[in-house]
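First the proteins, then the strands, lettered A, B, ... as listed; each starts at 1.
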2 protein chains.
Amino acid sequence: MSEQTRMPAGRPSKGERTRARILAAAAELFAASGFHAVSLRDIAAHAGLTHAGLLHHFPGKDSLLIEVLDHRDREDAEVLSQVAPREHPEEFLRGVVRVVHRNMRTPGPVGLYARISTEAADPDHPAHAYFVRRYELLRAGLTEAFTALAARTGAPPGHDPALTAQTLVAVMDGLQTQWLLAPAAIDMHAAVVAFFARIGLDFRDVPPLPDRRSGSEPSSASTTSAEADT
Amino acid sequence: MSEQTRMPAGRPSKGERTRARILAAAAELFAASGFHAVSLRDIAAHAGLTHAGLLHHFPGKDSLLIEVLDHRDREDAEVLSQVAPREHPEEFLRGVVRVVHRNMRTPGPVGLYARISTEAADPDHPAHAYFVRRYELLRAGLTEAFTALAARTGAPPGHDPALTAQTLVAVMDGLQTQWLLAPAAIDMHAAVVAFFARIGLDFRDVPPLPDRRSGSEPSSASTTSAEADT
DNA sequence: GTCTATACTCGGATAGAC
DNA sequence: GTCTATCCGAGTATAGAC
């Protein structure tokens with residue numbers, strides 16, 4: 001799914017630059033208007049070529065979507081994969097809070113993600129396998145963190161790390177839905193901090209994340225420890 | 001948005017019966033394959049007419065969608081509106097658990113709802129206002145219930161009923177996303193019961209809801225107390 | 001290897017005949 | 001109230017210019 005994504009580092013060829021332009025245009029337009037509402041002709045025009053020319057670089061609209069998702073994914077992975085959930089669970093969970101905080105500055109990509117993740121419930125959807133795997137990894141990483149945390153601090157009797165992980169993911173996703181519909185009424189960051197407080201973690205002091213630098217490739221997105229083997 | 005939805009009660013005219021047939025076909029096909037994957041020609045054929053004939057009864061595909069959602073909404077409202085959140089908060093919350101439980105038997109409509117609710121983040125979406133209002137009402141009802149409950153049982157110091165309501169809604173929505181992607185891995189009912197347990201409510205014994213009777217109009221869906229004034 | 005031109009099929013939507 | 005005919009724009013595929 002994400003092979004051949006290492007940076008050429010040297011001088012990018014003309015085709016590679018065109019590809020990057022297309023990807024940037026797709027990300028922007030998808031984020032602004034969603035997947036179905038945007039046509040290949042729109043994206044192509046935005047990137048300065050015809051839709052047939054675009055199809056020389058990408059086999060179809062679906063693959064374009066997946067590559068856009070994959071790219072954004074690596075940006076979050078940059079934050080979360082700095083620290084292994086098993087060894088430094090608190091730090092890992094702090095990273096989650098920081099991502100949520102930053103998400104409140106980027107409704108476009110957040111909306112895109114929310115939209116596609118629900119569309120992808122259909123097994124025939126091009127991004128289905130992508131999201132199944134993504135959620136598995138997310139839950140696995142959080143479960144590891146909660147397990148390590150419970151072992152360290154002494155777990156309450158009925159505590160279930162996997163259930164907590166699943167619920168935390170649900171809270172973050174569900175908050176996005178409400179926030180996207182009524183941004184002024186929902187404070188995702190505060191709600192997630194409150195959720196952590198309910199399970200005994202005080203994350204009120206977690207510092208915000210710097211603004212995402214605009215449209216550049218991640219400098220080093222090699223192996224992400226968040227993608228550890230289950 | 002939902003005017004002219006009272007039952008004519010007398011003998012339905014031919015047009016009304018056709019309308020009902022179209023609506024039933026749309027609900028079935030949307031639930032089975034989603035919104036975008038189903039064409040007006042599919043729905044029309046399923047209802048026994050051409051797509052142009054269908055468009056005589058509904059101005060467009062969007063309005064068809066909204067009416068389908070509205071219809072399903074009233075069915076859930078039947079459960080939740082039996083009891084006022086302020087007077088009988090436990091019963092009201094029990095109703096929520098029962099709806100979640102029943103949802104696990106109907107992935108089609110649940111998926112449709114999840115999809116549309118994220119698409120509707122776009123202010124230009126035909127269902128935008130619908131979902132904004134729906135979430136406001138949901139949160140308002142739950143906030144009332146949690147407030148009444150806190151007043152009765154003695155509230156913990158830092159307890160915020162509105163925040164709890166918002167988080168519960170998020171949990172239910174987010175669980176749906178994960179469940180739709182991997183039904184075998186997620187038990188929405190158990191997770192919601194666990195969430196209630198975390199805030200001190202034992203809902204393990206809530207009885208399931210009977211199966212939805214197939215394709216008939218609600219017998220009396222007049223005023224829903226869940227739609228009380230905010 | 002990069003791109004344009006063109007065409008095919010299917011979608012939603014409209015106009016007007018019956 | 002329903003149909004036929006038609007329009008426009010979507011995703012996709014192919015041929016061929018450079």
Side-chain angles (χ1 to χ4, degrees), chain A residues 4 8 10-27 29-30 32-69 112 115-116 119-120 122 124-128, chain B residues 4 8 11-27 29-30 32-69 112 115-116 119-120 122 124-127:
Chain A
Q4 192 64 23
R11 193 181 152 285
S13 69
K14 179 180 181 185
E16 284 164 335
R17 282 190 285 111
T18 304
R19 235 186 98 94
R21 250 172 34 235
I22 293 172
L23 225 46
L29 294 180
F30 283 162
S33 311
F35 181 61
H36 293 291
V38 174
S39 72
L40 289 182
R41 286 161 177 88
D42 292 337
I43 299 170
H46 207 269
L49 39 68
T50 65
H51 76 285
L54 186 155
L55 287 173
H56 173 73
H57 297 274
F58 299 89
K61 197 184 181 185
D62 293 342
S63 73
L64 201 48
L65 167 66
I66 300 223
E67 297 233 23
V68 168
L69 292 178
L112 172 63
R115 235 180 311 218
I116 310 297
E119 283 181 13
D122 180 352
D124 293 334
H125 193 282
H128 179 75
Chain B
Q4 192 65 20
R11 192 180 152 285
S13 70
K14 180 182 180 184
E16 283 164 335
R17 280 190 288 111
T18 304
R19 236 186 96 93
R21 249 171 36 235
I22 294 171
L23 224 46
L29 295 180
F30 282 163
S33 311
F35 180 62
H36 294 290
V38 174
S39 71
L40 288 182
R41 286 164 175 90
D42 292 337
I43 300 170
H46 207 269
L49 38 69
T50 65
H51 83 283
L54 186 155
L55 287 171
H56 172 74
H57 296 274
F58 298 89
K61 198 184 181 186
D62 292 340
S63 74
L64 199 48
L65 165 66
I66 300 217
E67 298 233 20
V68 168
L69 292 179
L112 174 62
R115 233 179 311 220
I116 310 302
E119 283 181 12
D122 180 352
D124 292 334
H125 193 283

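- Distance CD1 (Ile22(A)) to P (dT2(C)): 10 Å, rounded to an integer number of Å.
- The nearest whole Å value for the distance from the CZ atom in Arg17(B) to the C1' atom in dT2(D) is 15 Å.
- For Arg21(B) (side chain) and Ala47(B) (main-chain N/O), a donor-acceptor pair under 3.5 Å exists by modelled atom type.
- Between Glu67(A) and Arg19(A) there is a salt bridge, since a side-chain N of the basic residue sits under 4.0 Å from a carboxylate O of the acidic one.
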Each nucleotide of nucleotides 3-18 of chain C classed B (base within 4.0 Å of a protein heavy atom), S (only sugar-phosphate) or -, in 5' to 3' order, makes BBBBB---BBBB----
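- Side chains of Glu119(A) and Phe35(A) form a contact here, defined as non-hydrogen atoms less than 4.5 Å apart.
- His57(B) and Glu16(B) share no side-chain donor-acceptor pair at under 3.5 Å.
- By the 4.5 Å heavy-atom criterion applied to side chains, Leu54(B) and Thr18(B) are not counted as neighbours.
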